[in-house]
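Below is one structure, written out as structure tokens, with a few remarks after it.
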2 protein chains.
Amino acid sequence: MANLKQLAQSLGLSITTVSRALDGYSDVSAATRQRVQEAADKAGYRPNASARRLRKQRAELVAVTLPSEPGHIGPLHFLDMLSGCAEHLAGAGLNLVIAPVPHGESELDMCRRFVDGRRVDAMLLVRTKRHDERVEFLQSRGFPFVTNGRTESAIQHPYIDGDGFSGFHAATLRFHRDGHRRIAHVGGPQEYFFAHARRQGWEAAMRECGLATDLDLQQAPTEQGGYEAALALLARSDRPTAIVCATDEMAIGVLRALREVDGGLSISVIGHDDLPIGAFTSPALSTMRMTGGNLGRSFASLLLRTIAGEPAETLQELHAIEFVDRDSHRLPPVAA
Amino acid sequence: MANLKQLAQSLGLSITTVSRALDGYSDVSAATRQRVQEAADKAGYRPNASARRLRKQRAELVAVTLPSEPGHIGPLHFLDMLSGCAEHLAGAGLNLVIAPVPHGESELDMCRRFVDGRRVDAMLLVRTKRHDERVEFLQSRGFPFVTNGRTESAIQHPYIDGDGFSGFHAATLRFHRDGHRRIAHVGGPQEYFFAHARRQGWEAAMRECGLATDLDLQQAPTEQGGYEAALALLARSDRPTAIVCATDEMAIGVLRALREVDGGLSISVIGHDDLPIGAFTSPALSTMRMTGGNLGRSFASLLLRTIAGEPAETLQELHAIEFVDRDSHRLPPVAA
DNA sequence: CTTGACTCCCAAAACGTTTTGGATGATTTT
DNA sequence: AAAATCATCCAAAACGTTTTGGGAGTCAAG
């Protein structure tokens with residue numbers, strides 16, 4: 001309704017003075033500033049966002065690309081993270097737009113639209129691949145971005161990631177200490193960095209223990225994927241006595257398979273992510289999670305700092321993984 | 001990098017002609033249009049979003065407010081819906097920004113910021129209350145919005161909602177037909193329309209069956225809330241033999257309480273929402289869900305149509321509820 | 001030869017803000 | 001008394017696009 005021009009006119013002042021009064025510049029008298037402030041409050045004046053964005057050459061927006069596998073939109077804990085991120089970005093005047101990949105368009109095309117159209121000031125990339133074309137594109141444009149998950153890019157970039165290698169390494173060693181000798185790995189597609197790192201951690205531990213690494217399956221990182229992998233494992237003559245799962249969703253699918261085939265928890269299982277729902281499955285799911293507190297806040301902070309021009313090397317967070325011990329990992333190795 | 005001015009200069013044309021060529025106006029020759037199109041493609045030209053927004057007086061943005069209860073950000077199936085909505089909005093050139101309520105600000109303040117700053121063209125409201133101040137504000141401003149869930153507002157507004165009354169009415173009658181006589185209701189806060197409507201459905205059915213309506217508890221619509229309500233019910237001497245839960249999350253909490261107290265499914269349970277995880281709980285959760293297909297697409301369509309000025313009365317969708325029968329509702333009434 | 005219609009193009013205005021580079025008096029310093 | 005400083009204000013430019021309201025030039029009809 002009210003814009004700067006009308007406000008200035010009603011006050012008998014210039015647009016410049018009103019603008020600078022509201023922005024708290026020192027070259028407007030205290031009396032005038034107060035008069036302007038009161039009039040602005042009364043009129044409910046808010047600067048037009050589009051106009052300010054054009055003038056300041058900032059979109060005041062950050063986009064997060066959502067990988068849209070049919071019917072399944074990334075890990076379920078995403079929304080909590082995004083919400084936290086959006087809240088902290090808002091504190092700096094930025095809003096978060098969610099950008100699922102439209103039908104018939106690639107994630108790369110979408111990045112191009114957002115970057116070249118100056119629709120956003122930075123991008124947040126999730127589900128990074130080891131070789132990620134989005135990362136390469138943004139780097140070639142010199143456009144600010146932060147990833148959730150590392151890549152194998154030669155050039156450094158800001159990221160937040162959990163140390164999946166160490167986590168899965170430790171989990172596997174722990175199963176070994178508990179007496180397990182046939183420890184399977186149910187992983188996700190290896191082009192994803194997180195899936196690869198976790199598998200590498202499992203594999204390294206197995207080698208250190210002198211165990212074979214043939215109990216290893218890859219599936220879609222969903223309940224269904226875990227379910228199918230578990231069915232395949234249960235059909236083998238050399239069944240595992242423990243299963244390390246790349247994600248909680250896969251682990252939940254594994255638990256379901258165990259129930260259907262063996263009627264209950266016949267094999268130790270551990271997942272990763274600490275989905276809230278894990279506490280409510282039967283048996284309650286043992287899992288791992290990234291340390292480091294409020295993830296959304298961290299992403300927001302990294303985004304702001306990369307927009308501000310801080311070098312990538314100072315914007316990389318690798319968080320340790322901790323165990324969340326519940327009931328699904330305690331089975332003795334002879335149970336099968 | 002490239003803007004209209006540079007593009008025009010390199011082509012020896014005016015800004016106007018280049019703009020109109022790219023927009024497909026008929027007053028530019030086919031030859032020129034093609035020449036312009038090729039140059040634009042080659043330069044990777046995309047119109048500056050802020051500039052277009054200012055000129056066209058449209059923000060090309062829609063905001064969805066996320067209620068941020070501590071640690072729990074609305075139903076878990078929100079993200080799927082939002083993703084679908086964002087994807088369809090993108091088809092019309094609109095992006096979806098997620099707007100969690102910042103610390104120390106009310107949802108109303110946030111609406112005000114978005115509306116008066118012309119940051120968005122419409123708003124999507126979730127978790128509506130029976131008397132919702134956000135709705136009242138937007139109505140007073142004549143600002144386009146769509147709600148997920150009805151309100152008791154005197155003025156019509158666009159919404160999408162499930163017929164929770166009928167769903168809970170039918171579910172309660174079904175339990176009665178199966179022989180249950182002590183049917184409890186575990187509901188959410190009654191200021192929310194959905195929670196109230198579902199409770200009303202249960203209550204109406206109980207009255208029709210001549211049953212008392214004292215087995216009725218309200219809690220936060222979370223696993224924890226359901227868990228606590230169930231503990232209270234299980235401690236009573238006149239335990240229920242069936243429980244109707246306002247949400248799947250509450251139902252999952254109820255199942256956990258049953259496991260802990262009785263060691264398994266001792267009471268029939270049904271939830272609402274059809275969370276994907278429901279298929280993986282033990283026992284698999286019987287539930288209800290809204291019919292009507294792709295919810296996100298429907299929201300996008302309603303948003304676009306309300307922006308276009310269609311009257312509210314033609315933009316209201318009330319969808320039937322259908323049962324999703326799994327294993328948690330099949331217990332005979334004498335089991336307790 | 002004039003008129004009107006048609007095709008193709010363009011200069012300038014407009015959107016609402018922020019910022020630049022002074023301008024105007026009043027006050028202090030030299 | 002002149003010069004410098006200070007406090008307060010403002011006109012105009014700029015951001016990059018879309019849209020308005022024509023302006024040339026060409027061609028056919030009168």
Side-chain angles (χ1 to χ4, degrees), chain A residues 1-37 39-40 43-61 93-95 113-121, chain B residues 1-37 39-40 43-61 93-95 113-121:
Chain A
M1 183 103 291
N3 60 17
L4 223 39
K5 194 158 155 192
Q6 292 162 13
L7 202 56
Q9 220 146 31
S10 80
L11 283 164
L13 289 169
S14 76
I15 291 179
T16 309
T17 302
V18 176
S19 173
R20 295 179 76 84
L22 293 174
D23 273 10
Y25 279 70
S26 65
D27 65 351
V28 31
S29 73
T32 307
R33 189 200 322 288
Q34 187 175 345
R35 203 160 62 93
V36 170
Q37 192 61 257
Y45 169 78
R46 318 258 169 171
N48 180 298
S50 299
R52 197 200 14 242
R53 287 165 174 168
L54 173 60
R55 172 64 227 222
K56 301 197 94 165
Q57 296 288 75
R58 314 216 283 97
E60 299 179 353
L61 249 35
L94 299 191
N95 283 116
R113 260 219 333 274
F114 277 102
V115 171
D116 291 340
R118 300 240 157 44
R119 309 183 87 84
V120 295
D121 299 320
Chain B
M1 183 102 290
N3 60 17
L4 223 39
K5 195 159 155 191
Q6 293 161 11
L7 203 56
Q9 219 145 32
S10 80
L11 284 164
L13 289 169
S14 76
I15 291 179
T16 309
T17 301
V18 176
S19 173
R20 295 179 77 85
L22 293 174
D23 274 10
Y25 279 69
S26 65
D27 66 351
V28 30
S29 73
T32 306
R33 188 199 324 288
Q34 187 176 347
R35 202 160 63 93
V36 170
Q37 192 59 258
Y45 168 78
R46 318 257 170 171
N48 180 299
S50 299
R52 198 201 13 243
R53 287 164 175 169
L54 172 60
R55 172 63 228 223
K56 300 197 93 165
Q57 296 287 77
R58 312 216 284 100
E60 299 179 352
L61 249 36
L94 299 191
N95 284 117
R113 259 219 334 273
F114 277 102
V115 171
D116 291 342
R118 299 233 163 48
R119 308 182 87 83
V120 295
D121 299 320

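Lettering follows sequence order; numbering is per chain, from 1. Quantities reported herein were computed from a predicted structural model and do not represent experimental measurements.
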Between [N] atom [atom2] and [X] atom [atom1], what is the distance in whole Å?
X: A:Leu13; N: D:dC10; atom1: CG; atom2: C1'; answer: 10 Å
X: A:Lys5; N: C:dA14; atom1: NZ; atom2: C1'; answer: 9 Å
X: B:Glu60; N: D:dG16; atom1: CD; atom2: C1'; answer: 13 Å
X: B:Arg20; N: D:dG21; atom1: CZ; atom2: C1'; answer: 11 Å
X: A:Arg33; N: D:dC9; atom1: CZ; atom2: C1'; answer: 13 Å
X: B:Arg52; N: C:dG16; atom1: CZ; atom2: P; answer: 17 Å
X: B:Arg58; N: D:dT19; atom1: CZ; atom2: P; answer: 10 Å
X: A:Gln9; N: D:dA11; atom1: CD; atom2: P; answer: 11 Å

Closer than 4.0 Å, any side-chain N/O of [X] to the OP1 or OP2 of [N]?
X: A:Ser29; N: D:dC9; value: yes
X: B:Gln57; N: D:dT18; value: no
X: A:Tyr45; N: C:dG16; value: no
X: A:Ser50; N: C:dG16; value: no
X: B:Thr17; N: C:dC10; value: yes
X: A:Thr16; N: D:dA12; value: no
X: B:Ser19; N: D:dT19; value: no
X: B:Tyr25; N: D:dT19; value: yes

For the base of D:dT17, is there a side-chain donor-acceptor partner from B:Arg55 under 3.5 Å away? no

Among residues two or more places apart or on two chains, list those pairs meeting side-chain hydrogen bond (donor to acceptor under 3.5 Å, both in side chains) that have a residue in residues 7-16 of chain B. B:Ser14-B:Thr17

Is A:Leu61 close to B:Leu61 at the side-chain level, that is, under 4.5 Å between some pair of heavy atoms? yes

Close side-chain approach of B:Asp23 to B:Arg20, heavy-atom, < 4.5 Å: no

Of all heavy-atom pairs between [X] and [Y], which one has the smallest distance, and what is that distance?
X: B:Tyr45; Y: B:Leu4; result: OH-CD1, 3.3 Å
X: B:Ala40; Y: B:Leu22; result: CB-CD2, 3.8 Å
X: B:Ala43; Y: B:Leu7; result: CB-CD1, 4.3 Å

From the set [options], return the single nucleotide nearest to any side-chain atom of [X].
X: B:Ser14; options: D:dT18, D:dC9, C:dA11; answer: C:dA11
X: B:Asp27; options: D:dT18, C:dC8, C:dT18; answer: C:dC8
X: B:Ala51; options: D:dT17, C:dT17, D:dC10; answer: D:dT17
X: A:Lys56; options: C:dC9, D:dG16, C:dT18; answer: C:dT18
X: B:Leu54; options: C:dT17, D:dT17, D:dG16; answer: D:dG16
X: A:Asp23; options: C:dT18, D:dT18, D:dG16; answer: C:dT18

Distance-only, no hydrogens or angles: does the B:Asp121 side chain make a donor-acceptor pair with backbone N or O of B:Glu60 under 3.5 Å? yes

Test item: A:Arg33 side-chain N/O and A:Tyr25 main-chain N/O as donor-acceptor pair under 3.5 Å: yes

One would report the end-axis bend of the helix from C:dC1-D:dG30 to C:dT30-D:dA1, five pairs per end and rounded to 10 degrees, as 70°

